[in-house]
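Below is one structure; the comments refer to it alone.
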Amino acid sequence: MSNSMNPRRATAALAAVALAALCASGCGADSPPEQQKRLDKAAGLAEFKVTCTKDLWDRTRKSGLDRRDDDEFDKVKPVELGGDQGKRGLIQVTLTGPQLVEYLRKLDFDAHGGVDMHGQRPGDNEPMARRMYDAIAPVIDHIKQGQPPQSVPQAVVDDAVAPAPSATSADKT
C-alpha cells in the first residue's frame, strides 16, 4: 500500500481546510468589502464604547462563529445608564481594540451569511447582529488610522420613534 493520497481525497481535504479557514477568519460569505479595513482600524483602538439595550448586547455577544470563545465577552461588564437612558434599559459596554475586532467578526458572521463548522447558517440573531454591525461600522469608518481619536469612539443603538403628527396639526397644513 503506498502513502500517496487518492486525488478525490486530496481535493476533499483541501476543500475542508478552505472551509475551516473561512469559518476561522470570521468573514461571512457576504462580508462587506470594508470588513478587513474595519478590523485593522479596530485593532488599534484603546477603547470603544457601545450603548444599547442589555438584551441586544447579550444576544449579539454570543455567535455561531466559534463556540470555543463564547466566554470572551463574559469578562466585559456592562454599565447601567442613569436618567432617561437607564429608564429605557440602556447599558454601556467598553471594549478594547482586540475585543472589538472579535466582536466585529462575530457580528459579521451572524449578519452577513456565515456558516458554522457544520455548514449551518445561524439565523436566530441575524437582524440584531446586522443592526449592531450597522451602528458600529460607520463609527469605525470615520477613524483615521495613526491619529488618536479626540474622544472615545462610541456607537449607539437606540432607535426612537418619532411622534406621529396629530390629526389637528395635519389639518392645519
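Just so we're clear, the structure is a prediction, and the values are computed from it rather than from any experiment. Residue numbers run from 1 in the order of the sequence given.
Shortest non-hydrogen contact noted between L45 and P153 is CD2-CG, 4.1 Å. Contact record, A155 with A135: CB-O, 3.7 Å, taken as the closest heavy-atom pair. Contact record, A129 with A111: C-CB, 3.7 Å, taken as the closest heavy-atom pair. In plain terms, the two heavy atoms of A43 and P98 that are nearest each other are O-CD, 4.4 Å. Between L104 and Q35 the shortest heavy-atom distance is O-NE2, 3.7 Å.
Residues S31 and F109 fail the side-chain proximity criterion, which asks for heavy atoms closer than 4.5 Å. A heavy-atom distance below 4.5 Å is found between the side chains of D108 and P32.
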Run the numbers on M128 and D55 for side chain to side chain contact (heavy atoms under 4.5 Å, CB included), then give the verdict.
CA-CA 10 Å; M128 291 168 278; D55 188 38; 5.7 Å; no
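A salt bridge links R61 with D74; the closest basic N to acidic carboxylate O contact falls under 4.0 Å. The pair K106-D110 does not meet the salt-bridge criterion, since no charged nitrogen lies less than 4.0 angstrom from a carboxylate oxygen.
Listed by first and then second residue, the side-chain hydrogen bond (donor to acceptor under 3.5 Å, both in side chains) pairs involving residues 40-53 are Q36-D40, K49-T94, T51-Q92, T51-Q154 (not counting sequence neighbours). Every pair passing side-chain hydrogen bond (donor to acceptor under 3.5 Å, both in side chains) that includes a residue from residues 78-90 is listed here, sequence neighbours excluded: R88-D158. Each ring pair (Phe, Tyr, Trp, His ring centres under 6.0 Å) pair with one or both residues in residues 31-59, not counting sequence neighbours, appears once here: W57-F73, W57-Y103.
Through chains of ILVMFWY side-chain contacts below 4.5 Å, L81 is grouped with L90.
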May I have the list of side-chain donor-acceptor pairs in residues 144-151 shorter than 3.5 Å, sequence neighbours left out?
none

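A side-chain contact (heavy atoms from CB on, under 4.5 Å) with I136 holds for exactly one of D134, I140, V139; it is I140. Under the side-chain contact (heavy atoms from CB on, under 4.5 Å) rule, L39 has a single partner from E102, E34, R105, which is R105.
Within 6.0 Å of atom CZ in R59, 12 or fewer heavy atoms from other residues, nucleotides or ligands are found, so the atom counts as exposed in its surroundings.
The cluster map of Ile, Leu, Val, Met, Phe, Trp and Tyr, joined by side-chain heavy atoms under 4.5 Å apart, puts V156 and L95 in different clusters. Both I91 and V157 are part of a single hydrophobic cluster, where members link through side-chain heavy atoms under 4.5 Å apart.
Remark: K37 engages no residue in a salt bridge (charged side-chain N to carboxylate O under 4.0 Å, His left out) (not counting sequence neighbours).
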